[in-house]
Each structure stands twice: as C-alpha cells, then as structure tokens.
**Q** 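Take this structure, written in structure tokens, and hold onto it; I'll ask about it next.
Throughout, residue positions are numbered sequentially from 1 according to the sequence presented.
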Amino acid sequence: MKMKLKMIFAATALIVAPALSMACPAHTKQAMSCADGMTYDQESHSCVLIAS
C-alpha cells in the first residue's frame with residue numbers, strides 16, 4: 001500500500017511540474033540579438049535591416 005501511494009505522488013509530481021514551469025511568467029520573454037546593422041522587429045518577430 002505504501003509503495004502504491006509513493007508511485008501516485010511521484011506520478012503526480014512529474015505531471016504537475018512541467019505544467020507549472022510553463023505557466024511561469026518569467027519565461028515569456030526571450031533575449032534576441034541581431035547582427036550588426038540589424039534590429040529586432042516586434043511585429044515580424046525577426047531581425048530587419050536598419051534603414052539609413
């Protein structure tokens with residue numbers, strides 16, 4: 001009986017942990033670096049040439 005209870009708790013932890021980490025708001029923004037002469041465009045979500 002004890003072993004079955006431990007397995008249920010372990011399975012629950014393995015299922016819940018990834019769901020909680022995906023809900024963490026700190027991981028919603030990512031740093032993006034572009035090559036020289038380019039800048040990040042928020043609308044297209046990509047690097048674009050800087051107009052001069």
Side-chain angles (χ1 to χ4, degrees):
M1 180 69 175
K2 280 187 175 183
M3 188 64 157
K4 190 173 186 179
L5 192 57
K6 286 182 182 181
M7 288 294 284
I8 291 171
F9 283 132
T12 303
L14 289 173
I15 292 169
V16 173
L20 291 175
S21 68
M22 290 177 68
C24 180
H27 299 287
T28 57
K29 291 189 177 187
Q30 244 181 325
M32 175 77 181
S33 60
C34 298
D36 290 338
M38 300 187 89
T39 187
Y40 185 74
D41 180 35
Q42 296 240 344
E43 289 179 15
S44 66
H45 301 288
S46 62
C47 293
V48 294
L49 262 165
I50 297 173
S52 40

**Q** What pair of heavy atoms forms the shortest contact from Leu49 to Met38, and how long is it?
**A**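 Residues Leu49 and Met38, closest heavy atoms: N-CE, 3.9 Å.
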**Q** Where is the tightest heavy-atom contact between Ser33 and Cys47, given as atom of each residue plus distance?
**A**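 It is O-SG, 4.2 Å.
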**Q** Of all heavy-atom pairs between Tyr40 and Cys34, which one has the smallest distance, and what is that distance?
**A**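 Scanning both residues completely, I find the closest heavy atoms to be N-SG, 3.7 Å.
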**Q** Hey, what do you get for CE (Met3) to CD1 (Ile8), rounding to the nearest 0.5 Å?
**A** 12.0 Å
**Q** Rounded at 0.5 Å granularity, tell me how far CD1 in Ile50 sits from CG in Asp41.
**A** 11.5 Å
